[in-house]
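Notes follow the structure.
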Amino acid sequence: MYASAMETHEEFARVLSEITSEAGCDSVKIEVGELKDVERSIEKVAEEYGGDFSRLLDLVRGSVICENIIEATNVLRAIKKRFEVVRVKNRLDPKFSALAESG
């Protein structure tokens with residue numbers, strides 16, 4: 001699992017950049033994080049997923065930070081053209097809780 005994530009990490013950053021360009025949003029900020037720590041992954045799977053590693057979704061992770069809702073909508077549409085979107089953290093939603101969403 002981690003070997004695959006390491007191979008994917010650099011490609012992920014490149015694809016995010018392509019997607020934002022395709023969406024016409026060249027001014028957005030892209031942040032690609034480090035791989036999730038192995039120990040933290042094991043802990044999360046044990047505590048939250050009942051030992052089911054297939055539920056661990058964020059070994060390779062990143063953020064696209066947009067200036068406005070139009071950019072965010074365009075980027076999300078471009079992402080959906082290439083990938084199945086599993087979850088979106090909408091920090092503009094008044095019901096959003098960083099604690100409940102783990103960030």
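FYI, the numbering just counts along the sequence from 1.
Contact of the Glu43 side chain with the Arg40 side chain is registered, since non-hydrogen atoms from C-beta on lie closer than 4.5 Å.
Glu22 pairs by the salt bridge (charged side-chain N to carboxylate O under 4.0 Å, His left out) definition with Arg82, not counting sequence neighbours. Partners of Thr20 under the side chain to side chain donor-acceptor pair (under 3.5 Å) rule, at least two apart in sequence or in another chain, do not exist in this structure. Checked against salt bridge (charged side-chain N to carboxylate O under 4.0 Å, His left out), Glu11 has the following partners two or more places apart in sequence or in another chain: Arg14. Shown here are the salt bridge (charged side-chain N to carboxylate O under 4.0 Å, His left out) partners of Lys81, two or more places apart in sequence or in another chain: there are none. Taking the side chain to side chain contact (heavy atoms under 4.5 Å, CB included) definition, one finds that Phe53 meets it with Met1, Ile42, Val45, sequence neighbours left out.
Only one option out of Val28, Val75, Val32 pairs with Leu16 in a side-chain contact (heavy atoms from CB on, under 4.5 Å); it is Val32.
The same ILVMFWY cluster, assembled from side-chain heavy atoms under 4.5 Å apart, contains both Ile30 and Leu76.
The two residues Val60 and Ala5 come nearest to each other via the heavy atoms CG2-O, 3.4 Å.
To the nearest 0.5 angstrom, His9 atom NE2 is 5.0 Å from Leu35 atom CG.
For Glu10, the CD atom counts as loosely surrounded, since its 6.0 Å shell holds 12 or fewer non-hydrogen atoms of other residues, nucleotides or ligands.
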Residues 66-74, side-chain donor-acceptor partners within the protein, below 3.5 Å, at least two apart:
from  : atom 1 : to    : atom 2 : distance (Å)
Asn68 : OD1    : Ile70 : N      : 3.1
Asn68 : OD1    : Glu71 : N      : 2.8
Glu71 : OE1    : Glu67 : N      : 2.8
Glu71 : OE2    : Ser27 : OG     : 3.0
Thr73 : OG1    : Ile69 : O      : 2.8
Asn74 : ND2    : Ile70 : O      : 3.4

